[in-house]
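What you see is a predicted model, and the numbers here were worked out from it, not measured in a lab. What you see below is based on every heavy atom in this structure, not just the backbone, and it leaves out hydrogens, waters and symmetry mates.
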Amino acid sequence: MLVRKTNIHDSKFSLFGIRYSAVDYELATSLIMEKAQNRQSYGVSALAVHGLIEGHRNDHLGHKINQIDLVVPDGQPVRWALNSFYKLDMKERVYGPDLTIEVLKKANELALGVFLYGSTEKTLTALARNIATRFPQVRIAGMHTDRFREATPQEDSHDIEKINASGAHIVLVGRGCPRQEVWVSDHLGKVNAVMLAVGAAFDFHAGLMKQAPKWMQNAGLEWLFRLALEPRRLWKRYAVTNSYFIFLFIKRKLWK
């Protein structure tokens with residue numbers, strides 16, 4: 001079902017119950033920067049197959065994800081499915097790590113403040129250093145490591161105050177999917193900035209994890225590359241989510 005809002009750029013296309021925006025890097029970055037310059041509370045998620053299936057299988061999580069303003073098709077299979085069902089003719093996915101770079105490029109031009117939320121101190125330190133090197137006009141407004149548990153109400157209030165007081169225009173959130181999507185959804189209207197859930201982008205751009213070759217990314221095989229790097233942690237995720245995605249895709253095609 002296509003859910004339409006007043007602005008054509010906010011049109012959403014439902015894929016197994018999760019509503020995606022049909023945008024490319026240029027449009028997504030433009031929308032993000034428009035909100036960021038005004039320090040408007042705005043949520044963004046680059047959602048691949050794993051997050052999509054988690055949201056499909058868990059109604060509560062699916063509702064949280066669908067509260068996010070801009071959910072972009074991170075994975076190639078997501079793009080392929082949206083194109084197949086809605087004839088959207090999207091030429092490329094909007095990959096979270098690449099979207100992060102596009103946003104940082106624009107933030108550098110405008111000298112905006114960026115807050116880093118999530119992951120470990122080692123990752124945040126390396127990420128902040130690399131951002132400063134590549135994008136010297138970006139102001140690192142602050143950093144907060146992940147507690148790897150949910151914050152208490154008092155801790156959460158302190159986090160919100162810290163982010164808002166920093167003057168950040170953009171909050172990069174790297175808590176892992178779907179924890180980061182829940183955090184972004186829960187802080188809409190509370191954090192006065194664009195909150196961008198980008199997951200593995202933190203480790204990639206900190207230089208702590210290798211990215212799949214472009215040919216594997218373009219072929220939708222990035223999951224295989226990551227599985228080879230972290231088989232014990234990721235085998236179950238990919239075995240279940242990828243298989244279920246294929247099942248849902250075939251079921252919908254046959255039903256249509």
Side-chain angles (χ1 to χ4, degrees), residues 1-5 7-25 27-28 31 43-99 173 175-186 188 195-201 212 216-224 226-227 234-256:
M1 180 180 68
L2 172 61
V3 180
R4 296 193 182 277
K5 297 183 181 180
N7 189 322
I8 191 171
H9 298 320
D10 290 332
S11 295
K12 301 293 184 75
F13 299 84
S14 177
L15 184 59
F16 313 139
I18 301 301
R19 298 197 291 269
Y20 281 88
S21 295
V23 295
D24 56 15
Y25 288 108
L27 179 54
L31 292 170
V44 182
S45 168
L47 200 67
V49 168
H50 173 234
L52 165 63
I53 296 302
E54 291 291 322
H56 170 79
R57 298 175 69 182
N58 183 318
D59 289 342
H60 179 70
L61 174 60
H63 175 74
K64 294 281 189 183
I65 293 172
N66 283 334
Q67 296 303 303
I68 295 173
D69 301 282
L70 184 67
V71 179
V72 302
D74 179 289
Q76 293 288 17
V78 174
R79 178 180 69 89
W80 295 333
L82 287 168
N83 280 346
S84 177
F85 296 149
Y86 294 104
K87 311 302 181 188
L88 296 175
D89 195 32
M90 286 188 289
K91 303 300 184 185
E92 58 186 357
R93 64 173 176 165
V94 182
Y95 181 43
D98 288 351
L99 178 61
V173 185
R175 305 192 70 208
C177 178
R179 292 173 65 239
Q180 60 194 12
E181 279 71 27
V182 172
W183 191 90
V184 169
S185 181
D186 286 345
L188 289 169
M195 295 166 283
L196 183 56
V198 293
M216 294 189 79
Q217 294 185 33
N218 294 337
L221 294 174
E222 185 180 14
W223 66 271
L224 186 60
R226 293 192 64 189
L227 179 61
L234 296 177
W235 76 266
K236 188 174 182 180
R237 173 199 291 188
Y238 290 132
V240 173
T241 58
N242 288 10
S243 299
Y244 195 49
F245 177 87
I246 293 169
F247 166 75
L248 291 174
F249 180 85
I250 294 173
K251 179 181 177 182
R252 177 159 174 176
K253 292 297 282 187
L254 292 175
W255 176 78
K256 288 187 67 176

Query raised in the report: By ring pair (Phe, Tyr, Trp, His ring centres under 6.0 Å), which residues pair with F245, not counting sequence neighbours?
Result: F16

**Report entry** For L15 against A81, the heavy-atom pair lying closest together
**Finding:** CD1-CB, 3.9 Å

Query raised in the report: Side chains of R57 and V240: closer than 4.5 Å at any heavy-atom pair?
Result: yes

Query raised in the report: If you look at every heavy atom in P97 and D74, which pair is closest and at what distance?
Result: CD-OD2, 4.4 Å

Query raised in the report: What pair of heavy atoms forms the shortest contact from R93 to P73, and how long is it?
Result: CB-O, 3.3 Å

N/O donor to acceptor pairs below 3.5 angstrom from side-chain atoms of residues 43-54, sequence neighbours left out:
unit_1	atom_1	unit_2	atom_2	d
S45	OG	E181	OE2	2.8

Report task. Identify, with sequence neighbours excluded, every residue that meets side-chain contact (heavy atoms from CB on, under 4.5 Å) alongside L88. Result -> F13, A22, L82, N83, Y86, M90

Query raised in the report: Is D24 close to K91 at the side-chain level, that is, under 4.5 Å between some pair of heavy atoms?
Result: no

Query raised in the report: Roughly how far apart are L99 CG and L70 CG, rounded to 0.5 Å?
Result: 8.0 Å

Query raised in the report: Is I18 close to N66 at the side-chain level, that is, under 4.5 Å between some pair of heavy atoms?
Result: yes

Query raised in the report: Going from CG on L61 to NE2 on H56, what distance comes out if it is rounded to the nearest 0.5 angstrom?
Result: 12.0 Å

Report task. Report yes or no: do S21 and K12 form a side-chain donor-acceptor pair below 3.5 Å? Result -> no

Query raised in the report: Nearest heavy-atom pair of R175 and Q180: which atoms, and what distance?
Result: N-OE1, 3.3 Å

Query - Min side-chain heavy-atom separation F249-S84 under 4.5 Å - result: yes

Query - Flag side-chain contact, heavy atom, 4.5 Å: Y95 against Q76 - result: no

Report summary line: Output for pair (N58 CG, K64 NZ), nearest 0.5 Å, gives 11.0 Å

Report task. Compare all side-chain heavy atoms of L188 with those of D69 and state whether any distance is below 4.5 angstrom. Result -> yes

